[in-house]
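Presented below is the structure to which this report refers.
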Amino acid sequence: MSELVASPRALLHLLFNGARAIDVVETAWRLGLLQALEAGPVTLGALSERFGLMPKRLYKFLDCLESLGLVKREQPTHALEDARYTGVRGLNEAAERVVGPASLERDRDANFPWRQNHGHLVEVLRGERHVPPEVFDWPPNTPEKVARFEASMAAGLGPILEAFGSHGAALWLPGQRLLDVGGGDGTMAAALLAAHPELTVDVYNLPATEGLVVRTQEKHGLGERLGFVGGDFLREPLPRGYDAMAFVRVLHDWPWETARMLMKKAYEALPAGGRILICEEFRNSERMAAQFFYSYFLVGIDSCVSRLCDVEAYRGALREVGFKPPEVLPGPFELIVAEKP
């Protein structure tokens with residue numbers, strides 16, 4: 001980040017101007033400026049000519065991006081057109097994910113009632129106000145809310161699918177059966193099945209989600225390779241008969257005692273040599289930033305913890321319940337893999 005963002009005052013100035021900042025970033029992304037800047041260094045003159053923009057206006061526009069810490073500027077001479085800019089690494093892709101048409105933030109903004117908290121945080125924090133269950137409850141309490149929630153979860157699977165995909169050959173043996181615990185509408189299962197023709201996957205989720213999984217099964221023509229097992233993992237043992245169990249963006253939604261209990265249930269249900277796979281937003285500064293929306297929205301909902309934990313917390317818990325020392329596979333989100341002795 002730019003040095004300008006190092007002080008609390010600078011950060012608060014930027015936050016106050018958040019809507020204007022997003023307008024700048026979205027405009028730069030739509031124009032193709034971010035891609036050109038990331039490939040830089042490139043001069044103001046070259047950018048003006050390439051994109052048909054007025055140099056004096058572009059200079060101030062680029063000051064906005066520089067104030068956000070997204071570009072670095074060099075000024076070798078006093079000539080305006082000689083100013084040289086370089087975008088930070090990963091800038092264009094980051095902008096596409098955050099402000100692009102398939103943005104996860106746009107999905108959250110449209111589909112979650114965050115305005116229930118807006119302007120009322122003092123009352124929320126004092127317990128005088130909360131998000132009513134009829135507006136949002138955890139777990140979702142109507143078929144419509146279940147469908148909307150699972151669709152939103154599927155929209156954020158990109159980094160997780162990339163993590164699984166980058167280690168696919170090492171994760172699965174021919175004929176293995178995977179139980180995707182809390183596997184939503186089956187979107188992730190469908191992606192794994194497309195990449196691994198000899199794998200079969202059952203989604204384990206609340207009975208209300210069965211229709212969503214069946215729809216995914218039919219959409220992708222997966223037949224019996226994608227199945228559904230209805231149940232409640234808080235009240236029942238996990239099903240047996242699987243070679244592996246995946247917990248994807250599930251454990252952090254529950255209190256730590258519940259998350260550890262689910263890891264123990266997986267250990268009890270798996271055979272010797274069976275594996276547990278955990279992939280979610282393990283706690284670090286970038287993921288805390290990406291989690292900001294949920295942290296804000298869920299302030300008024302006590303039934304959902306949504307507490308990001310670091311990788312070592314999960315590794316320690318897996319060892320405690322009996323798994324062999326877990327392996328942490330790198331990726332956009334780390335993938336924790338542990339085997340039952």
Side-chain angles (χ1 to χ4, degrees), residues 1-31 33-38 40-44 47 53-80 82-100 103-106 108-109 112 114-129 131 281-301 306-310:
M1 292 294 288
S2 162
E3 290 182 0
L4 292 174
V5 190
S7 74
R9 180 178 172 183
L11 175 59
L12 292 175
H13 276 302
L14 294 175
L15 289 175
F16 192 87
N17 286 282
R20 289 169 282 275
I22 289 298
D23 188 28
V24 167
V25 173
E26 185 177 1
T27 299
W29 177 73
R30 284 193 288 106
L31 284 171
L33 273 172
L34 298 185
Q35 200 166 20
L37 288 164
E38 194 176 345
V42 58
T43 65
L44 180 76
L47 287 171
L53 307 173
M54 299 175 68
K56 290 181 181 179
R57 296 183 179 185
L58 179 59
Y59 184 89
K60 287 174 275 189
F61 182 85
L62 291 172
D63 265 3
C64 293
L65 288 174
E66 184 181 351
S67 72
L68 296 171
L70 298 177
V71 300
K72 296 179 181 179
R73 180 181 59 86
E74 300 174 82
Q75 189 76 55
T77 75
H78 290 294
L80 197 69
D82 288 345
R84 293 159 56 89
Y85 296 88
T86 305
V88 297
R89 186 176 179 182
L91 172 58
N92 190 67
E93 181 186 1
E96 182 174 4
R97 290 190 175 184
V98 176
V99 303
S103 162
L104 189 59
E105 295 290 4
R106 295 190 190 282
R108 293 166 172 173
D109 187 68
F112 289 86
W114 58 271
R115 290 173 180 81
Q116 293 283 327
N117 290 342
H118 194 246
H120 302 285
L121 282 176
V122 171
E123 301 98 300
V124 172
L125 290 168
R126 287 176 174 164
E128 299 165 358
R129 181 185 176 96
V131 178
E281 295 96 327
F282 300 114
R283 194 180 189 97
N284 64 27
S285 59
E286 181 173 309
R287 290 166 193 158
M288 289 293 291
Q291 182 74 0
F292 183 91
F293 176 90
Y294 284 129
S295 297
Y296 177 91
F297 168 60
L298 293 169
V299 167
I301 301 171
S306 194
R307 182 181 68 175
L308 302 192
C309 296
D310 58 39

- Task: Show your reasoning for whether side-chain contact (heavy atoms from CB on, under 4.5 Å) applies to L58 and L44.
- Result: CA-CA 8 Å; L58 179 59; L44 180 76; 3.6 Å; yes

- Message: Nearest 0.5 angstrom please: R9 CZ to L14 CG, how far?
- Response: 12.0 Å

- Task: Check the surroundings of atom CD in E128: do more than 12 heavy atoms from other residues, nucleotides or ligands lie under 6.0 Å from it?
- Result: yes

- Query: Once the angle between the rings of W114 and H118 is folded into 0 to 90°, is it parallel (under 30°), tilted (30 to 60°) or perpendicular (over 60°)?
  - Reply: perpendicular

- Give, for atom CG of D109 and atom CZ of F293, the distance between the pair rounded to the nearest 0.5 Å. 6.5 Å

- Do the side chain of R97 and the main chain of L104 share a donor and acceptor less than 3.5 angstrom apart? no

- Message: Can you confirm whether Q35 is buried at CD, in the sense that more than 12 heavy atoms of other residues, nucleotides or ligands lie under 6.0 Å from that atom?
- Response: no

- Enter the distance from L33:CG to F61:CZ here, rounded to the nearest 0.5 Å. 6.0 Å

- Item | Heavy-atom side-chain proximity of L65 to L34 below 4.5 angstrom | yes

- Message: Between R20 and C64, does the side-chain contact (heavy atoms from CB on, under 4.5 Å) criterion hold? Intermediate values first, please.
- Response: CA-CA 9 Å; R20 289 169 282 275; C64 293; over 6 Å; no

- Message: For H120, give me all partners under ring-ring contact (aromatic ring centres under 6.0 Å, His included), at least two apart in sequence or on another chain.
- Response: none

- Query: Can you check whether Q116's main-chain N or O pairs, donor with acceptor, with R129's side chain at less than 3.5 Å?
  - Reply: yes

- Task: Would you indicate whether the side-chain heavy atoms of L62 and E66 approach each other to under 4.5 Å?
- Result: no

- Message: Tell me every residue that passes ring-ring contact (aromatic ring centres under 6.0 Å, His included) with Y294, counting only those two or more places apart in sequence or in another chain.
- Response: F112

